Structure formats: structure tokens, C-alpha cells
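Below you'll find the structure, written out as C-alpha cells, and then a few comments.
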Amino acid sequence: MNKIKVMSVFGTRPEAIKMAPLVKMLEKDERFESIVCVTAQHREMLDSVLEIFDIVPQYDLNIMAHGQTIVDISNKVLKGVDEVIKKCKPSIVLVHGDTSTTLNGALAAFYNQVPVGHVEAGLRSYDIYSPFPEEANRKLTGVITNLHFAPTETNKKNLLDEGIKEENIFKTGNTVIDALLNVVHENYVFEDDKLNNIDFDNKKVILLTTHRRENWGKPMENIFEAMVTLVKENNDVEIIFPMHKNPTIRELAHRCFDKYIDRVHLIEQLEYIEFTNLMAKVYLIMTDSGGIQEEAPALGKPVMVLRTETERPEAVEAGTVKLVGVDKDEIINLANELINNNEDYDNMAQASNPYGDGKACERIIEILYNTLREDD
Ligand code: UD1
Ligand code: UDP
């Protein structure tokens, strides 16, 4: 029997984290030949995930350059993936989510008339400029996708509403949970001693992450100013901010936080295992990240989402996540409630997991097999 050639294309950290368990499972499955093509839209942040999951890509387009635009990324991904597809002739190309790698990887497959499988399909905010450019990326990818792997019922419904045929949509759960369940441990000791020295039991430690393009400038300034106010108003609050590698964010963070370094810990991006275990130990998470909104509910950690919309309404409905926006006073008010009101806090700190049972990869693989196998 000929093996089914599955080529996975990804390039940024979140795509790598969510594709890693699928790639590992494909590698072990004799029915498939797994080919990994990384664009390296992210370099260090991608490499750290590849190392943790022990993935050695057959193709590495190495496209990252500082200061590059979305158009620069798109050009390089489209051309690079096209060349790899022509060489490998895969049976299907898998892409994940909504980055520039996702859309252009899918487009390269489409131009070669190779079927596209879209992992994490059907998320929608219904605002084309927020998140930017991700909302458009995932919609456009959907148009040229053959197999849509939708994490939740809501995601499936979004695709149906856009006229995608039901027989091409598969509700699988999110692979983020498959990855997460293997790495968080109760007695985890951090590799970074700075984190071991933080008093998680007696301080209210807030984990902050922010990187979205639509938050650059004034919204991000509001977020940082709100954090400074929270530290000033609450003696027991400390903030940990692993700074995204993007220079735009780092410059602003230093400008706003450098005076408060005893209680605002500006640190480098953490490796995935360190980060997820840190999530499990902190009091509260504030973020504009997509993936973190999915991981935190499974860990029972309240999340304040620093955005005006979300394509992940399931965790909001479950009560673990609140959409707070980017207004300074609103951030301060809600955070103060959660810091000082136990009942409000406890209501949010309920472990719930609307994103799956950790078996999404298994399901995706069986769908790939059933759809692509050549009948004897
Ligand atoms: C990208 C995705 C976004 C995703 C995010 C996850 C696009 C347009 N954006 O945003 O959807 O949510 O990744 O984090 O696809 N850098 C490094 N080292 C790294 C990674 C980034 O130095 O390992 C710096 C580089 O200067 C790079 C810049 O960050 O040019 C921006 O990277 P880019 O991929 O363009 O955008 P992100 O903001 O990371
Ligand atoms: N993450 C990480 N180290 C960090 C911050 C985040 O490993 O310092 C992980 C996090 O657990 C999640 C993913 O990165 O799985 C989210 O990535 P990001 O916020 O960059 O992108 P998004 O999900 O918003 O696209």
C-alpha cells in the first residue's frame, strides 16, 4: 500500500505548538509519510518548540527578517512553499490557524491543485480588521480548503453559514489541548530560577502577554499604564511580562515598566513548558493571545482578554474568560474586582475545557486516512 504523503506547513510559535502533536502522531503512523516544511516566519520562538517536541523539519525556508512586513512574509512563503510542493508532490498540505504562513502555504497548495487541510478552521470574529490580519487570513484560507478541521461546534456552524459543505467539515476539538495535557505538572520546578523565587502563594501574580498588531500604539500603552496603576494600588500584586520578540512591543514595554522592575518582571519569551506551567501557578492572566485563551480554561485560570472582540466565545460562555477591551479604566476596574473580591474570582477560576478532550490529532489522522487512502 502506498503511504499517504502529508506535508505540514507552519512557521510561527502557536502554529508549531498546535501542529506538533499531530506531526508526532503522523511520524509514528505507518500509513503516512510525514513531511514538515517550516517557513520560520518566527525563528527562535519556532526553534524552541521544534526542540521540545523533537521535530526535525525536512524543509526550512528560514524567511524571518527583522522589520519585515506582511507582504514580505507572504511573498517569501508563497514562493518557498510552492517550490517544496513541486519537489515533494504531497497528497495533501496541512496548514494551521490564521497567520501569513497559513494563508500563503494554503495558496501555494491551491495553485498546485494539491488539497488543503485546515487545522483550527472556522474561528471568526466577524471584524475583518480585528484581529488583523488574522480574521481575513482564516476566511481566505477557508475558501481554498478541502478538509476543514473545526475545533468546536461554533466553529463548524460558522463554516456552514459561509456555505461550506457539511461533508467537508469535521469537528475534532483543538490540538492545543492534545499538546497541553502532556506538559503541565503540579510540582513543576522552573528552569529559570527567577521564576522559582517568585512568591506565588502570598502574592497575587498576574501573567501578562500582548502582541496583536491592532493593539500596537495607544491600546498597548493603555494596557501597560493600567498594569502600573494596579501595581501601585495593590501591594501584593506582581506582574510577569514575557516580552514578545517583536521590537515594537519591547521598546514600549521598557519605556513603561523600567521604573517598576521590583514588581513588574520583564522577562524574555519562555519555552512552552515553562510558560504553561507558569500559567498554572499564577493568580490571573491578562492577554490578547489566541492560544492562551484556549489553554487557561483547561487550567482553571481566569483570563482577562485585552481585546475588543474574540473569535473564541466558548470560554467566555463557560465563564473563565472575560472580554475586557483596551480601555485603561476598564482594565483597572475589572482587575481590581478580581484581586479584591474572592467570590468574583472563584466564579471565574473554574476549570472547564470547551476546546476538546486531547484527542483532536487522533481524529484528524483518521479523517485524513479515510479521505485520502487509495482503495485496493
Ligand atoms: C505573528 C502572526 C500572528 C500570530 C503571532 C504569534 C502574522 C501576520 N502574524 O505575529 O498571527 O498571532 O505571530 O506570536 O502572521 N521575532 C523574532 N524572533 C522570533 C519571532 C519574531 O525576532 O522568533 C521578531 C522579528 O523581528 C519579526 C517580528 O518579531 O520580524 C514580527 O514577527 P511576525 O511573524 O511578522 O509577526 P508577529 O507579531 O510575531
Ligand atoms: N507561549 C510560550 N511562551 C511564552 C508565551 C506564550 O510558549 O512566553 C505559548 C502559549 O502557551 C500558547 C502560544 O505560545 O500556546 C500562544 O502564542 P502567541 O500568544 O504568540 O500567539 P497566538 O496564540 O495569539 O496566535
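Just so you know, ligand 1 is whichever comes first in the structure, and atom 1 is the first atom listed for that ligand. The shown structure was predicted, so the numbers you read here are calculated from the model rather than taken from an experiment.
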State whether [X] and [Y] are salt-bridged, where the test is any N-O pair (Lys NZ or Arg NE/NH1/NH2 against Asp/Glu carboxylate O) under 4.0 Å.
| X | Y | result |
| --- | --- | --- |
| Glu44 | Arg13 | no |
| Glu225 | Lys328 | yes |
| Asp357 | Arg363 | yes |
| Arg212 | Asp288 | no |

[atom] - nearest protein heavy atom and its distance:
| atom | answer |
| --- | --- |
| atom 15 (O) of ligand 2 | Glu295 OE2, 2.5 Å |
| atom 23 (O) of ligand 2 | Gly291 N, 2.7 Å |
| atom 16 (C) of ligand 2 | Ser289 OG, 3.7 Å |
| atom 8 (O) of ligand 2 | Leu270 N, 2.9 Å |
| atom 25 (O) of ligand 2 | Pro14 CG, 3.4 Å |
| atom 20 (O) of ligand 2 | Arg13 NH2, 2.8 Å |
| atom 7 (O) of ligand 2 | Tyr272 CA, 3.2 Å |
| atom 9 (C) of ligand 2 | Ile17 CD1, 3.7 Å |

Can you find an N or O of [X] that's nearer than 3.5 Å to an N or O of ligand 2?
| X | value |
| --- | --- |
| Arg212 | yes |
| Gly290 | yes |
| Thr209 | no |

Nearest atoms (heavy-atom pairs only) where Met279 meets Ile292: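 Looking at all heavy atoms of both residues, the shortest contact is CE-CG2, 3.7 Å.
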
When you look at [atom1] of [X], are more than 12 heavy atoms from neighbouring residues, nucleotides or ligands closer to it than 6.0 Å?
| X | atom1 | result |
| --- | --- | --- |
| Gln350 | CD | yes |
| Lys79 | NZ | no |
| Lys157 | NZ | no |
| Phe110 | CZ | no |

Part of Met45 with heavy atoms under 4.0 Å of ligand 2, whether side chain, backbone, both or neither: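 It is neither; nothing of Met45 touches ligand 2.
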
Proximity to ligand 2 by part of Glu134, non-hydrogen separation under 4.0 Å: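 It is neither; nothing of Glu134 touches ligand 2.
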
Donor on one side chain, acceptor on other, Thr141 and Thr102, under 3.5 Å: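 No, because no side-chain N or O of Thr141 sits under 3.5 Å from a partner of the opposite role on Thr102.
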
Asn336: which of Asn341, Thr229, Asn234 passes side-chain hydrogen bond (donor to acceptor under 3.5 Å, both in side chains):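 Answer after filtering Asn341, Thr229, Asn234: Asn234.
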
Numbering as shown, the atoms of ligand 2 that approach Pro242 to under 4.0 Å (heavy-atom distance):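 Counting atoms of ligand 2 from 1, those under 4.0 Å from Pro242 are 8 (O).
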
Sub-6.0 Å ring centroid separation between Tyr283 and Tyr345: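 Distance test on ring centres: under 6.0 Å, yes.
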
Arg31 to Tyr369 six-membered ring, cation-pi geometry met (6.0 Å, 45°):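 Yes.
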
Is there any protein N/O under 3.5 Å from an N/O of ligand 1, and what does the full list of such pairs look like?
from: ligand 1; atom 1: 11 (O); to: Glu134; atom 2: OE2; distance (Å): 2.4
from: ligand 1; atom 1: 12 (O); to: Arg212; atom 2: NH2; distance (Å): 3.0
from: ligand 1; atom 1: 13 (O); to: His42; atom 2: NE2; distance (Å): 3.2
from: ligand 1; atom 1: 14 (O); to: His244; atom 2: NE2; distance (Å): 3.2
from: ligand 1; atom 1: 15 (O); to: Gln41; atom 2: NE2; distance (Å): 2.8
from: ligand 1; atom 1: 15 (O); to: Ser100; atom 2: N; distance (Å): 2.9
from: ligand 1; atom 1: 15 (O); to: Ser100; atom 2: OG; distance (Å): 3.4
from: ligand 1; atom 1: 18 (N); to: Glu44; atom 2: OE1; distance (Å): 2.8
from: ligand 1; atom 1: 23 (O); to: Arg43; atom 2: N; distance (Å): 3.2
from: ligand 1; atom 1: 23 (O); to: Glu44; atom 2: N; distance (Å): 3.1
from: ligand 1; atom 1: 23 (O); to: Glu44; atom 2: OE1; distance (Å): 3.2
from: ligand 1; atom 1: 23 (O); to: Met45; atom 2: N; distance (Å): 2.9
from: ligand 1; atom 1: 26 (O); to: His66; atom 2: ND1; distance (Å): 2.7
from: ligand 1; atom 1: 30 (O); to: Ala65; atom 2: O; distance (Å): 3.1
from: ligand 1; atom 1: 34 (O); to: Gln41; atom 2: NE2; distance (Å): 2.9
from: ligand 1; atom 1: 34 (O); to: His42; atom 2: NE2; distance (Å): 3.4
from: ligand 1; atom 1: 36 (O); to: Arg213; atom 2: NH1; distance (Å): 3.3
from: ligand 1; atom 1: 38 (O); to: Arg213; atom 2: NH1; distance (Å): 3.4
from: ligand 1; atom 1: 38 (O); to: Asn246; atom 2: ND2; distance (Å): 3.4
from: ligand 1; atom 1: 39 (O); to: His42; atom 2: NE2; distance (Å): 2.7
from: ligand 1; atom 1: 39 (O); to: His244; atom 2: NE2; distance (Å): 3.4

